[in-house]
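Residue indices begin at 1 and follow the sequence shown. Atoms considered below: every heavy atom in the structure, side chains included; atoms not considered: hydrogens, waters and symmetry mates.
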Amino acid sequence: MSFVIDLDAERREVQYPDGIPVQLGGEQFIFPAELPAEALDPILSDELDLVGLLGEVLESSDGDAGVKDVVNAIFRRPTLPRMFLAAIRETYAILLGDQHEDFLAQRPFIGDYIRLTTGLTRVYGVELGKLFRSADSSENDSPTSSPTSPATTESTPDGSGFVPDSLDSSDSDG
């Protein structure tokens, strides 16, 4: 018998059997090999209402949102930045479990959170933008459509918090 979806297929735990190692402040933190669904709960909470914010931004800009539209929407929700930061911290608490206090003791910068989130997003294969995308937006097989930017971009230099496409490092000491 064949399956359309095989949830027993090889998982990321095979690639990272001991979890995903991340270094910050000279310490190593181990993130789970698979993203627990509950880790998205703080980001997708009704209180934070990022889905509502996204809908508001897209509606006010007729689907062509820019930075100005996002900033205007945030200013209409002055508690959003603090709530968003709390949701990010709660997400990392879920992911790190007992290691979370040690992680916070390293006093991660906003840039650390951004690089870490970007790297984990690649490893986990989850992008919030794809979760929120409507079925009729974006992809179009029309002969008159064309991409507005290249399919891949490499804009972050290696020396500034570079996150490799693969966290599997054969030249590490670990």
When every non-hydrogen atom of Ile74 is compared with those of Pro81, the smallest separation belongs to CG2-CG, 4.0 Å
Side chain to side chain contact (heavy atoms under 4.5 Å, CB included) filter on Ala73, not counting sequence neighbours, yields Leu53, Glu56, Val57, Arg76
Are Ile88 and Leu48 connected into the same hydrophobic cluster when the rule is that any two of I, L, V, M, F, W, Y join if their side-chain heavy atoms are below 4.5 Å apart? yes
So salt bridge (Lys or Arg N to Asp or Glu O under 4.0 Å) across residues 35-51, not counting sequence neighbours, yields Asp49-Arg77
| query | Cluster question for you: counting only ILVMFWY and a side-chain heavy-atom cut-off of under 4.5 Å, with indirect links fine, are Leu116 and Leu104 together? | reply | yes
Do Phe29 and Pro21 have side chains that get closer than 4.5 Å, going by heavy atoms?
-> no
Checklist entry - Do Ile114 and Leu24 share a hydrophobic cluster, counting only Ile, Leu, Val, Met, Phe, Trp and Tyr and linking them when any side-chain heavy atoms are less than 4.5 Å apart? => result no
Residues Pro32 and Ile20: closest non-hydrogen pair is O-CD1, 3.5 Å
Beyond-backbone contact of Ile43 with Leu50, side-chain heavy atoms, under 4.5 angstrom: yes
The ring pair (Phe, Tyr, Trp, His ring centres under 6.0 Å) partners of Phe84 (sequence neighbours excluded) come to none
Distance col, row Leu120:CG vs Phe31:CZ, nearest 0.5 angstrom, shows 5.5 Å
- Is there a path from Tyr124 to Ile94 through hydrophobic residues (I, L, V, M, F, W, Y) whose side chains come within less than 4.5 Å of each other? no
Is the centre of the Tyr113 ring less than 6.0 Å from the centre of the Tyr92 ring? yes
CG of Leu35 to CG of Leu40, rounded to nearest 0.5 Å, is 5.0 Å
Sequence neighbours excluded, the answer for side-chain hydrogen bond (donor to acceptor under 3.5 Å, both in side chains) partners of Asp112 is Arg115
side-chain hydrogen bond (donor to acceptor under 3.5 Å, both in side chains) filter on Arg89, not counting sequence neighbours, yields none
Quick note, side-chain hydrogen bond (donor to acceptor under 3.5 Å, both in side chains) partners involving residues 98-111, not counting sequence neighbours, are Glu27-Gln106
